Amino acid sequence: MIAVLIEHREAQIKDISFEMLTLAHQIANTQKQEVSCIILSDKCQPFADAVKNYCHNIICVENDLLNNFNNQIYLPILEKIITETKPTLTMIGHTGFGTDLAPYLSTKLSMPLLTDIFDVELSPDRLLIRRQMYGGKITAEIISKKLPAMVTVRTGSFEKILTSSSAIKGLNANITNVSFDIDQSILEKSKFLEYGEVPTTGIDITKSDVLVAVGRGIKEQKNLAVIEKFAEDIGGTLACTRPIIDAGWLPKDRQVGSSGKTVKPKVYIALGISGAFQHISGMKSAETIIAVNKDAEAPIFSVAHFGVVGDLLKIVPMLANRIKELKG
Amino acid sequence: MDIIVCLKMVPDTSETEVRVDSTGKNILKVRLINTTNEADNYALETALLLKEKHGGTVTLISLGAQNVDEVLKMGLAKGADRAIRLTDGLFETGDAWTRTYALYQAISKNKFDLILTGCIASDDGNSQIGPSLAALLNIPSAAYVTKVEMLDNTKAKIDRELEGGILERKEISLPAVLTIQTGINTPRYPSIIGIKRAGSKPLDVFDAAKLNIDPKIIESLTELQQMYNPKVEAKAQFISGSDDEISEKLATLIREKAGL
Ligand SMILES: Cc1cc2nc3c(=O)[nH]c(=O)nc-3n(C[C@H](O)[C@H](O)[C@H](O)COP(=O)(O)OP(=O)(O)OC[C@H]3O[C@@H](n4cnc5c(N)ncnc54)[C@H](O)[C@@H]3O)c2cc1C
Ligand SMILES: Nc1ncnc2c1ncn2[C@@H]1O[C@H](COP(=O)(O)O)[C@@H](O)[C@H]1O
């Protein structure tokens, strides 16, 4: 059995759940295994309905204390379910929830954990995964020395599952409701309070057709001015990578990426951006991506349509002049 | 408040090509400069700020060969009180589990209220060690922390980062493990006096035998088969020439695509 932990927040099931189901079926098919979904929630039915045609079994734990994710409450429940149902492979999203939960859970279960994977090959006695290292500059193939094992799955690595796929035609999962007495004292140790949002300054980079995004390659805060002027000249808006925010050079609402904004402009100009997965996941759907980077092997060039290998601090000022000439 | 900070030394690969060595299981480290893992700098700063506000001690732990002392000394210069280095051939050949267990054995021999790690190591990118440590220590943990505020001696209010700029706000009781995300504060530079004082602060080195670790327990659970540079499917169309030519071509391209 392949188990998939369904991720949801504020009554919404997350895309990663359907992406993991695609992967689960890919593996299950070659292995003739069943796919099970695990749902922990205060209201399981809507989530069970959402996945019941995509899996063989659903294990539901319903409890008011499960209305919001809380790693410490999830842990004993999942420990029990996994120990009793013995899935060969347990899949959890490599998300804010999954990274808070999976390493703790796998360690409690003495299970190998492979994180942030984007590919899996499973045979009866062997699990091989592929994942990135060194900010995307290296791919590694790693095997688990024992099974069962656990993986966290990188978001966006698989299409969301489709009912029409031949592997799953006619599936209508058996639902098992498992009751679990949650020890209230867990709340003493770890208590969810609320969801918060990062304050904004009123700029909405998702609305702009042209984004000029800067990364750590701009080196110093004072270099921002030239880029900002250039962005203005071409009717664009300034955006950036996370390290620029971390340094306090620009406000958080300018950040593109998994922990920032997802953008889809007509033109995205990436200046001095390496192209880490967390950044790319926020801009890869831009219509035209132009990247300037002095490292010819920067991962950004694998999503860019046009690339320049060179020093942005030299090229941008010259480019800005050319644009002015063109505009007359 | 006694705080333990886990620091990892990593090669800085952000601006250079990364090549695999002849074993296929490691990268060529020759021209690379080693630094403190980015997120760990923020974890250390978090610890120093908490110490300044609430008193107590900051202990640094790093697992690695002797060159890792550089990272530890930098941390001592910034204001940590003492440092521990774990080193053993057994640790070096291990995986995340091996390293977590070794760190756990060293940490559990110390007094602590809080353990801080980085949320991710920039080399292996596992995001694993912090919460795994908490599981072995049987204490609560929170990953990707972007704010820490002490409510009293035994409780902290924290923000955790989720996708798309959403934060999960929660209360966590100490002792706990927090994995710290970049941007939570502004890491300081060491002062001249700090650097001078660092030399006289304790830096203890332990191997597996000294930590009473049974080699069987720390056997890795996973095995790296091979590494390679990723195969790129759709590579960008490169624009070349002199800087002047490049600017001209880029300008034309941008004018067309942006509809100027
Ligand atoms: C949970 C999590 C969430 C994250 N969320 C995000 C997110 O939402 N958005 C995000 O961006 N990152 C995010 N990150 C960080 C991400 O992993 C990378 O660290 C970050 O994207 C790197 O930013 P960068 O490309 O600006 O810097 P670097 O990786 O340091 O790259 C700088 C680049 O500039 C180039 N360069 C240097 N000098 C020049 C020059 N003179 N001319 C041209 N090129 C030059 C270098 O070759 C290099 O490629 C997240 C990380 C984690 C762990
Ligand atoms: N060798 C090490 N020595 C000390 N701390 C480490 C080591 N490896 C990882 N860590 C800590 O664990 C965090 C997460 O690492 P990882 O799970 O490898 O992504 C790092 O940011 C460090 O704080």
Side-chain angles (χ1 to χ4, degrees), chain A residues 72 95-96 99-100 103-104 107-108 112-116 132-135 137-146 188-198 210 234 245-246 258-260 266-267 274 288 291 295 297 301-302 304-310 314-315 318-319 322-323 326-327, chain B residues 13-18 27 122-128 131-132 134-136 140-144 159-163 165-173 182-183 186 221-230 232 235-239 243-244 246-248 250-251 253-255 257-258 260:
Chain A
Q72 292 293 313
T95 57
T99 48
D100 200 35
Y104 204 118
T107 304
K108 281 280 178 207
L113 170 68
L114 296 145
T115 59
D116 200 14
Q132 290 190 338
M133 291 175 76
Y134 298 98
K137 291 185 175 178
I138 292 286
T139 300
E141 291 184 355
I142 303 173
I143 57 163
S144 173
K145 294 212 281 197
K146 60 178 195 173
E188 287 294 307
K189 281 189 169 182
S190 169
K191 189 162 117 198
F192 172 85
L193 298 175
E194 60 178 349
Y195 291 116
E197 264 180 72
V198 182
V210 179
I234 60 167
I245 306 294
D246 290 346
S258 60
S259 58
K266 283 205 183 110
V267 182
S274 62
T288 301
D295 172 8
E297 302 211 9
F301 291 126
S302 66
H305 305 97
F306 298 94
V308 171
V309 179
K314 282 205 195 115
I315 289 167
M318 293 171 83
L319 172 60
R322 286 278 176 192
I323 294 271
L326 282 179
K327 292 208 317 188
Chain B
T13 53
S14 63
E15 296 191 6
T16 44
E17 293 172 0
V18 180
I27 60 164
S122 66
D123 52 358
D124 61 36
N126 281 336
S127 284
Q128 196 169 339
S132 292
L136 292 173
S141 70
Y144 292 86
D159 281 355
R160 279 200 339 103
E161 184 178 275
L162 307 177
E163 289 70 32
I166 306 290
L167 304 168
E168 181 188 313
R169 202 152 280 151
K170 64 192 288 188
E171 253 175 51
I172 191 164
S173 74
T182 58
T186 308
L221 300 176
T222 62
E223 196 176 304
L224 186 90
Q225 294 290 98
Q226 61 164 331
M227 282 180 173
Y228 46 84
N229 293 99
V232 176
K235 192 92 174 169
Q237 182 185 327
F238 283 100
I239 299 171
D243 284 354
D244 202 42
I246 288 174
S247 324
E248 188 177 347
L250 267 184
L253 179 69
I254 291 169
R255 184 167 73 157
K257 300 288 180 189
L260 283 185

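Just so it is clear, the values below take in all heavy atoms, side chains as well, and ignore hydrogens, waters and symmetry mates. Owing to the predicted nature of the structure, the values given are computational and were not obtained by experimental measurement. The chains referred to below are lettered A, B, ... by the order of the sequence lines, with proteins before strands, and numbering in each begins at 1.
Taking both residues in full, the closest heavy atoms of A:Arg322 and B:Ala251 are given as CB-CB, 3.6 Å, listed atom of the first, atom of the second, then distance. The minimum heavy-atom distance linking B:Ser141 with A:Tyr104 is given by the pair OG-CD1, 3.3 Å. Contact between A:Pro112 and B:Thr222 at its shortest, heavy atoms only, is CB-CG2, 4.2 Å. The shortest heavy-atom contact between A:Pro103 and B:Ser127 is CG-O, 3.7 Å. Shortest non-hydrogen contact noted between A:Thr115 and B:Gln128 is CG2-OE1, 3.7 Å.
Put simply, of B:Arg160, B:Lys257, B:Glu15, the one with the most heavy-atom pairs under 4.5 Å next to chain A is B:Arg160. For the set B:Asp244, B:Ile246, B:Asn229, B:Thr182, the count of heavy-atom pairs under 4.5 angstrom toward chain A peaks at B:Thr182. Most heavy-atom pairs under 4.5 Å with chain B: of the set A:Gly196, A:Gly310, A:Ser274, A:Ser144, this distinction falls to A:Gly196. When the candidates A:Lys189, A:Lys146, A:Lys108 are compared by the number of heavy-atom contacts under 4.5 Å with chain B, A:Lys189 comes out ahead. Highest contact tally toward chain B, considering only A:Lys266, A:Gln132, A:Glu197, A:Glu194, is held by A:Glu194 [criterion: heavy-atom pairs under 4.5 Å]. The greatest number of non-hydrogen atom pairs below 4.5 Å with chain A, out of B:Gly183, B:Pro131, B:Ala143, B:Ser122, is found for B:Pro131. If you tally non-hydrogen atom pairs under 4.5 Å between each of A:Ile315, A:Leu114, A:Val267, A:Thr99 and chain B, the highest count goes to A:Thr99. Of the listed residues B:Gly125, B:Pro230, B:Ser14, B:Ala258, the one with more heavy-atom pairs under 4.5 angstrom with chain A than any other is B:Pro230. Of the listed residues (B:Arg255, B:Gln226, B:Met227), the greatest number of heavy-atom pairs within a distance under 4.5 Å of chain A belongs to B:Gln226. When the candidates A:Ile143, A:Leu113, A:Leu319, A:Ile234 are compared by the number of heavy-atom contacts under 4.5 Å with chain B, A:Ile143 comes out ahead. Interface remark: of the candidates A:Ala140, A:Ser259, A:Gly260, A:Ser258, A:Ser259 forms the most heavy-atom pairs closer than 4.5 Å to chain B.
If you measure heavy-atom distances from B:Phe238 to chain A, the contacts under 4.5 Å come from both the backbone and the side chain. Of the two parts of A:Val198, the backbone and the side chain both hold a non-hydrogen atom closer than 4.5 Å to a non-hydrogen atom of chain B. Contacts of B:Leu260 with chain A are made by side-chain atoms alone, with heavy-atom separations under 4.5 Å and no backbone atom involved. Interface remark: A:Leu326 contributes backbone and side-chain atoms alike to the contact with chain B (heavy atom separation under 4.5 Å). Contact annotation for A:Lys314: only side-chain heavy atoms (C-beta onward) come within less than 4.5 Å of a heavy atom of chain B. Using a 4.5 Å cut-off between heavy atoms, A:Ser190 touches chain B through backbone and side chain atoms alike. Heavy atoms of A:Glu141 lying under 4.5 Å from chain B belong to its backbone as well as its side chain.
Judged by distance alone, the side chain of A:Lys137 and the main-chain N or O of B:Thr16 form a donor-acceptor pair under 3.5 Å.
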Exercise for review: Given side-chain contact (heavy atoms from CB on, under 4.5 Å), test B:Asp123 with A:Met133 step by step and report yes or no.
Suggested key: CA-CA 6 Å; B:Asp123 52 358; A:Met133 291 175 76; 5.8 Å; no
Exercise for review: Give the intermediate values and the outcome of side-chain contact (heavy atoms from CB on, under 4.5 Å) for residues A:Ile138 and B:Tyr228.
Suggested key: CA-CA 6 Å; A:Ile138 292 286; B:Tyr228 46 84; over 6 Å; no
Exercise for review: Walk me through it: do A:Ile142 and B:Glu223 pass the test side-chain contact (heavy atoms from CB on, under 4.5 Å)?
Suggested key: CA-CA 6 Å; A:Ile142 303 173; B:Glu223 196 176 304; 5.8 Å; no
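A:Tyr195 contributes atom OH, which lies 5.5 Å from atom CD of B:Glu168 (distance to the nearest 0.5 angstrom). Between the CZ atom of A:Phe192 and the NZ atom of B:Lys170 there is a distance of 9.5 Å, given to the nearest 0.5 Å.
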